[in-house]
Amino acid sequence: MTVFLLHIYDRNGNSLYEKEWCRRKKSNLTKEEEKKLMFGMLHSIKSFVSKLSPKDSKEGFLSYTTSQYKLHFYESPTRLKFVVMTDINVGNIRETLKKIYSSIYVAYIARNPMCDLAEPINCKLFESRLETFMKGLSFFEDSKE
Amino acid sequence: MSKQPGRGLESRKLVGELFTLTYGALVSQLIKDYDNDDEINKQLDKMGYNIGIRLVEDFMARSNVDKCQDFRETAEVLSKMAFKMYLNISPTIANWSPANDEFSFILDNNPLVEFVELPDDHPDLNYSNILCGAIRGALEMLQLEVETWFSKDVLKGDNITELRVKYIKRLTDALPAGED
């Protein structure tokens, strides 16, 4: 199983952090365009999914799967958006995404008074903890180049 | 600030006096830096706001509370969880407006003012104004716009300290152009 990428967006759709692992085929878009389109898509899916829902649900949109990859989505109560793309064999990793928020983002960015919350993340401690955390995930194993 | 993630609700102990006196030092420095009480109140509110927008992330990560169904629940969570977690007090919620859009926190023992007596030349200083800003900032991040102010303050000779919170509106996501 494999993890391809992780994106973090703030409430206004600005990309705060992105990281790719083992993503061999690139889209022919610039990074900027790709991130913008991804955010737009997520936003639309999220709002449409909740409109379509037959019952009021707390969580709403969790993930979608294509024949090639699965995209997992988590939005914190403060509307930070965490996106992880994995291969299709990965199950529900909602708790993992929550953990990225609560024990990595909050611990190293929100509690760090030197990090500007509105700026893209530039914090070595955050990056190294995140890297360790991702590599320790059971479904990360085959992502090596 | 802690370097260890993943600690639960149990908070670490800090000597209360150190906290109270540190806040006191901050306010007294502001008094030196600014001439009038309004400006000091504004600065305290601004600092509180900046604390609030970060603290809310910490609060959410630690408490795991769900979305509040109404403003009454918001008030409960603020009092029983947020105030409890960060200041170890649980203010009484009182004086709801008929429309349920405005209430008060009655702060019985506000740790910030433990050693404080307002000097006569600062009659308009809202000593604990940082709390107003923190609540406003935190709720704004959760898409609730509120107004907060001290309507009564024991430091000013009132019999209670009352922090008023008024619901203004629900904020919606700022969207990229072209979205609904």
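Heavy atoms only: backbone and side chains are in, while hydrogens, waters and symmetry mates are out. Note that the coordinates shown come from a computational prediction; the quantities given were computed from them, not determined experimentally. Chain letters run A, B, ... following the sequence lines, proteins first and then strands; every chain starts at 1.
Surrounding CZ of Phe48(A) are at most 12 heavy atoms belonging to other residues, nucleotides or ligands under 6.0 Å away. Within 6.0 Å of the CG atom in Asn100(B), the count of heavy atoms belonging to other residues, nucleotides or ligands exceeds 12. Enclosure of atom NZ in Lys152(B) is not indicated, since only 12 or fewer non-hydrogen atoms of other residues, nucleotides or ligands lie within 6.0 angstrom.
At a threshold of 4.5 Å between side-chain heavy atoms, the hydrophobic network of Ile, Leu, Val, Met, Phe, Trp and Tyr places Ile89(B) and Phe150(B) in one connected group. Under the 4.5 Å side-chain contact rule for hydrophobic residues, Ile100(A) and Leu137(A) share a cluster. Both Leu163(B) and Trp96(B) belong to a common hydrophobic cluster when Ile, Leu, Val, Met, Phe, Trp and Tyr are linked at side-chain heavy-atom distances under 4.5 angstrom. Linking ILVMFWY side-chain heavy atoms closer than 4.5 Å, directly or via other members, places Tyr86(B) and Tyr127(B) in a single hydrophobic cluster. A continuous path of hydrophobic side-chain contacts links Val65(B) to Leu97(A) [ILVMFWY only; heavy atoms under 4.5 Å].
Residues Arg11(A) and Gln143(B) are not in side-chain contact: their nearest non-hydrogen atoms beyond the backbone lie 4.5 Å or more apart.
Residues of residues 16-31 of chain B lying under 4.5 angstrom from chain A, judged on non-hydrogen atoms, do not exist. Near-neighbour residues of residues 33-55 of chain B relative to chain A, defined by a heavy atom under 4.5 Å from a heavy atom of that chain, comprise Ile53(B), Arg54(B).
Leu142(B) and Pro77(A) make their closest contact through CD2-O, 3.5 Å (heavy atoms, listed as atom of the first residue, atom of the second, distance).
With rounding to the nearest 0.5 Å, the separation of OG1 in Thr78(A) from CE in Met141(B) is 8.5 Å.
Heavy atoms of Leu80(A) lying under 4.5 Å from chain B belong exclusively to its side chain.
For Lys98(A), there are no side chain to side chain donor-acceptor pair (under 3.5 Å) partners two or more places apart in sequence or in a different chain.
Within the structure, every pair that satisfies the salt bridge (Lys or Arg N to Asp or Glu O under 4.0 Å) test and touches residues 68-93 of chain B, not counting sequence neighbours, is listed here: Glu76(B)-Lys80(B).
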